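Ligands are counted one by one from 1 in listed order, and the atoms in each one are counted from 1 as well. Keep in mind the model is a prediction, meaning the values are calculated, not measured.
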Amino acid sequence: MTALDGIRVLDFTHVQSGPSCTQMLAWLGADVIKLEHPETGDATRRQLMDVPDVDSLYFTMLNHNKRSMALDARNPVGKDVLTRLIGTCDVLVENFAPGALDRMGFSWERIHAMNPQIILASVKGFGPGANQDCKVYENVAQCIGGAASTTGFPDGVPLITSAQIGDAGTGLHLALGIVAALFQRIRTGRGQRVLAPMQDGVVNLCRVKLRDQQRLQSGPLEEYSQHGRGIPFGDATPRAGNDSGGGQPGRILKCKGWETDPNAYIYFVTQAAVWESICELIGKPEWQDDPEYTSLPARLPKLDEIFAAIEDWTQTKTKFEVLEICNPRGIPVGPILSMKEIADDEDLRRNRTIVSVPHPERGDYLSVGCPIKFSDFEVAVERSPLLGEHTTEILQDLLGYSGDALDRVMASGAVGKS
Ligand code: COA
């Protein structure tokens, strides 16, 4: 038995934010039925295609463990099928542009009247307010949530991070909201509406930068490298390059081979608790007793000098040698792993976070499995469905269509099957 056994999710999502949420629910054991337009399907099926006429990796990597039903929700027969589906499901998840679900004729009020126990969960770009009608994609979310203004180097342009904090980050927030609403329903018997705006999700993930915004009122942010360089602070949290966001200064430093390997670097944290060990390791034992270096406040204005000395040492070792030497000494370091190294990582494969999945049209493909591990059940990662692969079985087994009624629906143009 899995965590969400018996929970049925109507997955009216597309692109990344919504599908990442419903994929997580599917991994937790819910029966997830993905609804897609019979002609176009989820647009990502055909985006960034690497094999002609085969579902793209963009799609296959975000839609594991789901069933697919092709359904036109604007066709009258399709509306009837959707109404019956709403009656049998616990959760409806959608991430259409604002107003699209209402335009299809399925407002929250109507959905709630059809099934008072159902949870309607939505991703939108913004929450209620001046921008509530705007469409939003990942990079836009990073900009409107404060991430871009605080990512990059102080003398460079704002940067986007490649971690999909706007899409997959919001998907995770929504999944948590859905599970919480399911839990509340056990006590109230009622469904409710759950909204996860992308802007709000990014703000939640950027809280340390809002912390620094307030700290600025009390003076310069001393742990930022720009402080040691004598560069004055403005009135907003600046970009901090690779400075650590906490109280333990850290930087990305060159390792052996950096001249030719773009990933021959390591993140090195000068944690105060192991300062003496670091001094010993890099050949600066004199810093252990020098009051100019012994305390963290004394070190903060000298971060450039300190990290230059550490880098003199890290450049004599590969990133994995630095890891091997620092770990037993309790010095926190992180080699910059490339996606190639991630793909081949033995532990990630053994723990099924990196998985190889068979697919009838593309053959085996590499994907990311469930990153959460449970002691009472194991998540089995299954391939993404073909467009409309499960239309007939859902109509028959779930909704009870058979004989002439089934033929009529199939002939109506409202549904499709692969
Ligand atoms: N049957 C009938 N109509 C369908 C359908 C189906 N199965 N699936 C989609 N449609 C229709 C929608 O009803 C909508 O029609 P309408 O606008 O004419 O009323 C239309 O297809 C397009 O949907 P929309 O969501 O507007 O797609 P888009 O490609 O124009 O915009 C986004 C894409 C992502 C920008 C937008 O959906 C959005 O802002 N979503 C919320 C935020 C979000 O999740 N962003 C991140 C995505 S990773």
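Closest heavy-atom approach to atom 31 (O) of ligand 1 within the set Glu94, Lys135, Lys79: this belongs to Lys135. Distances from atom 45 (N) of ligand 1 to the heavy atoms of Val136, Leu101, Leu35 show the closest one on Val136. Considering each of Lys124, Gln164, Glu36, Arg103, the one bringing a non-hydrogen atom nearest atom 19 (O) of ligand 1 is Arg103.
Polar contact with ligand 1: present for Ala97 (N/O pair, distance under 3.5 Å). Close N/O approach between Ala73 and ligand 1 is found [any backbone or side-chain N/O within under 3.5 Å]. The shortest N or O to N or O distance between Glu138 and ligand 1 is not under 3.5 Å. Remark: ligand 1 and Asp167 share no N or O pair separated by less than 3.5 Å (distance only, no angle test). In terms of polar-atom proximity, Tyr137 is not counted as a contact of ligand 1, lacking any N or O under 3.5 Å from an N or O of the ligand. Ligand 1 has no nitrogen or oxygen under 3.5 angstrom from a nitrogen or oxygen of Gln16. Note: no N/O pair closer than 3.5 Å links Met104 and ligand 1 by distance alone. Polar contact with ligand 1: present for Arg74 (N/O pair, distance under 3.5 Å). Residue Leu71 has at least one N or O atom closer than 3.5 Å to an N or O atom of ligand 1.
For atom 22 (C) of ligand 1, no protein heavy-atom neighbour is present inside the 4.0 Å cut-off. For atom 42 (C) of ligand 1, a protein non-hydrogen atom is found at a distance below 4.0 Å.
Side-chain N/O atoms of Ser384 and Lys66 include no donor and acceptor closer than 3.5 Å. Side-chain contact annotation: Glu138 with Gln16, donor-acceptor N/O pair under 3.5 Å absent. Thr60 and Asp55 share no side-chain donor-acceptor pair at under 3.5 Å.
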Stepwise, does the salt bridge (charged side-chain N to carboxylate O under 4.0 Å, His left out) test hold for Asp90 with Arg8?
CA-CA 5 Å; Asp90 300 282; Arg8 187 170 303 124; over 6 Å; no
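With Tyr267 contributing its side chain and Ser244 its backbone, the two residues share a donor-acceptor pair below 3.5 Å.
Between Leu366 atom CG and Arg349 atom CZ the span is 5.0 Å, to the nearest 0.5 Å.
Of all atoms in ligand 1, numbered sequentially from 1 with element shown, those under 4.0 Å from a heavy atom of His14 are 25 (O), 27 (O), 33 (C), 37 (O).
Heavy atoms of Ser17 come nearer than 4.0 angstrom to ligand 1 in at least one pair.
The side chain to side chain donor-acceptor pair (under 3.5 Å) test with Thr237 singles out one residue from Arg215, Arg211, Gln213, and that residue is Gln213.
Ring to ring, Phe12 and Phe96 are close: their centroids are under 6.0 angstrom apart.
Taking every heavy atom of both residues into account, Pro158 and Ala148 meet most closely at CB-O, 3.3 Å.
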